[in-house]
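Right, one structure below, let's go through it.
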Amino acid sequence: MLSRLLKEHQAKQNERKELQERRRRDAIAAATCLTEALVDHLNVGVAQAYVNQRKLDHEVKTLQVQAGQFAKQTSQWISMVENFNQALKEIGDVENWARSIEMDMRTIATALEYVHKGPAQPATS
């Protein structure tokens with residue numbers, strides 16, 4: 001009877017050990033699945049952030065190139081406006097020069113006319 005009780009006790013203990021081992025394996029499998037799901041979820045977010053960062057980097061490079069081109073074009077426009085202003089000043093200078101020459105020529109023409117006709121004779125009555 002004692003040996004039978006011992007055998008039953010050992011059999012129950014073996015069943016409990018097997019049950020405990022099975023539960024331990026199930027818990028490990030569930031924890032592994034949970035860990036993988038969490039890592040996958042995080043990886044999706046990280047991957048999206050990486051893709052967004054690459055897009056931003058590309059946009060920054062494009063913007064830098066466009067800003068450089070715009071600065072170069074603006075510099076050219078400023079140079080053209082400055083040249084145009086200088087040309088306008090020169091036209092104004094030529095206009096003033098032409099008026100001065102015209103006045104000098106009128107003065108000379110009047111003097112030549114005066115010399116050619118002679119002094120005006122006073123009217124005799």
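Along the sequence shown, residues are numbered consecutively beginning with 1.
- One N or O on the side chain of Thr35 and one on the backbone of Ala31 form a donor-acceptor pair closer than 3.5 Å.
- Between Glu95 and Arg99 there is a salt bridge, since a side-chain N of the basic residue sits under 4.0 Å from a carboxylate O of the acidic one.
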Trace of the side-chain contact (heavy atoms from CB on, under 4.5 Å) decision for Thr110 with Glu113: CA-CA 5 Å; Thr110 303; Glu113 193 176 307; 5.6 Å; no
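- Every residue was checked against the salt bridge (charged side-chain N to carboxylate O under 4.0 Å, His left out) condition with Glu36, not counting sequence neighbours, and none meets it.
- Evaluation of the salt bridge (charged side-chain N to carboxylate O under 4.0 Å, His left out) rule for Arg106 yields Glu102 as partners, not counting sequence neighbours.
- A salt bridge does not link Glu59 to Lys55: none of the charged side-chain nitrogens sits closer than 4.0 Å to a carboxylate oxygen.
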Taking only distance into account, with no hydrogens and no angle test, what donor-acceptor pairs under 3.5 Å do side-chain atoms of residues 79-89 form with protein atoms, sequence neighbours excluded?
unit_1, atom_1, unit_2, atom_2, d
Asn83, ND2, Ser79, O, 3.4

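- With sequence neighbours left out, the side chain to side chain donor-acceptor pair (under 3.5 Å) criterion links Asn14 to no other residue.
- Under a 3.5 Å cut-off, the side chain of Thr62 and the backbone N or O of His58 do form a donor-acceptor pair.
- In Gln20, the CD atom is not crowded: 12 or fewer heavy atoms of neighbouring residues, nucleotides or ligands sit closer than 6.0 Å.
- Proximity of Ser100 to Asp104: side-chain heavy atoms (C-beta onward) are separated by under 4.5 Å at one or more points.
- Residues Met105 and Trp97 share a hydrophobic cluster, clusters being chains of Ile/Leu/Val/Met/Phe/Trp/Tyr side chains in contact below 4.5 Å.
- Residues that satisfy the salt bridge (charged side-chain N to carboxylate O under 4.0 Å, His left out) test with Arg54, not counting sequence neighbours, are absent from this structure.
- Rounding to the nearest 0.5 Å places NE2 of His9 at 14.0 Å from OG of Ser3.
- Residues that satisfy the salt bridge (charged side-chain N to carboxylate O under 4.0 Å, His left out) test with Arg23, not counting sequence neighbours, are absent from this structure.
- The existence of a salt bridge linking Glu15 and Lys12 is excluded, since no basic side-chain nitrogen approaches an acidic carboxylate oxygen closer than 4.0 Å.
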Check step by step if side-chain contact (heavy atoms from CB on, under 4.5 Å) holds for Thr74 and Ile78. CA-CA 6 Å; Thr74 302; Ile78 289 171; 4.1 Å; yes
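- Note: Leu6 CG to Glu8 CD = 10.0 Å, rounded to the nearest 0.5 Å.
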